[in-house]
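Everything quoted here is computed from the prediction, not taken from an experiment.
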Amino acid sequence: MDRNIVIFNSSFSIIMADQRITDFIAQTEKTLAHLHGEYSRLQTGRANASLVEHVMVDAYDQKQELRAVAGISLDDARTIIIQPWDKAIMGEVEAALQVLDLGTSPTNDGNVIRIVLPPMTEERRKQMTKIVHQLAEESRISIRQQRQTIHDDVKKNETDEDVRYTLIDELEKVTKTANEKVEESMKKKEEEVMTV
């Protein structure tokens, strides 16, 4: 493993650049990006293109994302408009949208497909909150597992006690920051779900 350790001591601060820490930061950023992607797909009663853009459509003898075969726009706070580039695949697009669990069925007027999202009930909001918490917990578990792998590697391979201590300390700081971002993202999404 290529470990490029640089220690700079100035005014009692130690700055370390270690490939394992850098890789861990990159992994936590991927975990957070995945969490944000999952949150964007949750139906909160407000129209959002991300609710439908990743739907797979059987078009031209292959599966393609909806955003590759249609324009997606918002008509108002609760209405999504899907306009296929080719009207010949209108039926395939509608069939793909029927599978979604948005609490409503798409309506096809021959030119565009409209999805009018129903207002969320209190029960549905509570279910969505549970999903928000579950996704956050999955992200925390992923970060914890990644942290443990790096921690074990540092303890096993670092012979210099000062370097080992500093790396583990840095690892804990990065882990804490990542978990704070997960928490912040979870609270923001929970607030969005519970807002009537």
Would you kindly say whether [X] and [Y] are connected by a side-chain donor-acceptor distance under 3.5 Å?
X      : Y      : answer
His151 : Glu172 : no
Ser185 : His36  : yes
Thr166 : Glu170 : no
Asp23  : Gln19  : yes
Thr31  : Gln146 : yes

Chi angles and distances behind the side-chain contact (heavy atoms from CB on, under 4.5 Å) call for Ile80, Ile72: CA-CA 7 Å; Ile80 302 171; Ile72 303 167; 3.9 Å; yes
If you look at every heavy atom in [X] and [Y], which pair is closest and at what distance?
X      : Y      : result
Pro84  : Ala70  : CA-CB, 3.5 Å
Met56  : Ala96  : O-CB, 3.4 Å
Ile168 : Lys155 : CD1-CG, 3.7 Å
Gln64  : Ala59  : NE2-O, 3.3 Å
Asp153 : Asn157 : OD1-ND2, 2.6 Å

I need the [X] [atom1] to [Y] [atom2] distance, nearest 0.5 Å.
X      : Y      : atom1 : atom2 : result
Tyr39  : Ile131 : OH    : CD1   : 10.5 Å
Met128 : Arg124 : CE    : CZ    : 5.0 Å
Lys30  : Leu32  : NZ    : CG    : 13.0 Å
His54  : Arg67  : NE2   : CZ    : 4.5 Å
Leu117 : Asp76  : CG    : CG    : 9.0 Å

Output yes when [X] and [Y] qualify as a salt bridge under the 4.0 Å nitrogen-oxygen rule, no when they do not.
X      : Y      : value
Glu180 : Lys176 : yes
Glu192 : Lys189 : yes
Asp169 : Lys173 : yes
Glu137 : Arg140 : yes

Flag if over 12 foreign heavy atoms under 6.0 Å of OH, Tyr165: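 Count not over threshold, so no.
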Gln62, CD atom: more than 12 neighbouring heavy atoms under 6.0 Å: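 Atom CD in Gln62 is crowded, with more than 12 foreign heavy atoms closer than 6.0 Å.
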From CA spacing to verdict: side chain to side chain donor-acceptor pair (under 3.5 Å), Glu183, Asn179: CA-CA 6 Å; Glu183 187 72 17; Asn179 282 324; over 6 Å; no
Common cluster, Leu74/Val93, ILVMFWY with side-chain heavy-atom separation under 4.5 Å: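 Linked within one cluster.
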Same apolar cluster: Trp85 and Val57, side chain cutoff 4.5 Å: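 The answer is no; the residues belong to distinct hydrophobic clusters.
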Side-chain donor/acceptor of Arg20 to backbone N/O of Ile150, under 3.5 Å: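 Between the backbone of Ile150 and the side chain of Arg20 there is no qualifying donor-acceptor contact (under 3.5 Å).
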Co-members of Val112 in a cluster of I, L, V, M, F, W and Y side chains, linked at under 4.5 Å: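 Noted: Val112 shares its cluster with Ile81.
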All pairs passing salt bridge (Lys or Arg N to Asp or Glu O under 4.0 Å) where residues 84-93 contributes a residue, at least two apart: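 Residue pairs passing salt bridge (Lys or Arg N to Asp or Glu O under 4.0 Å), neighbours aside: none found.
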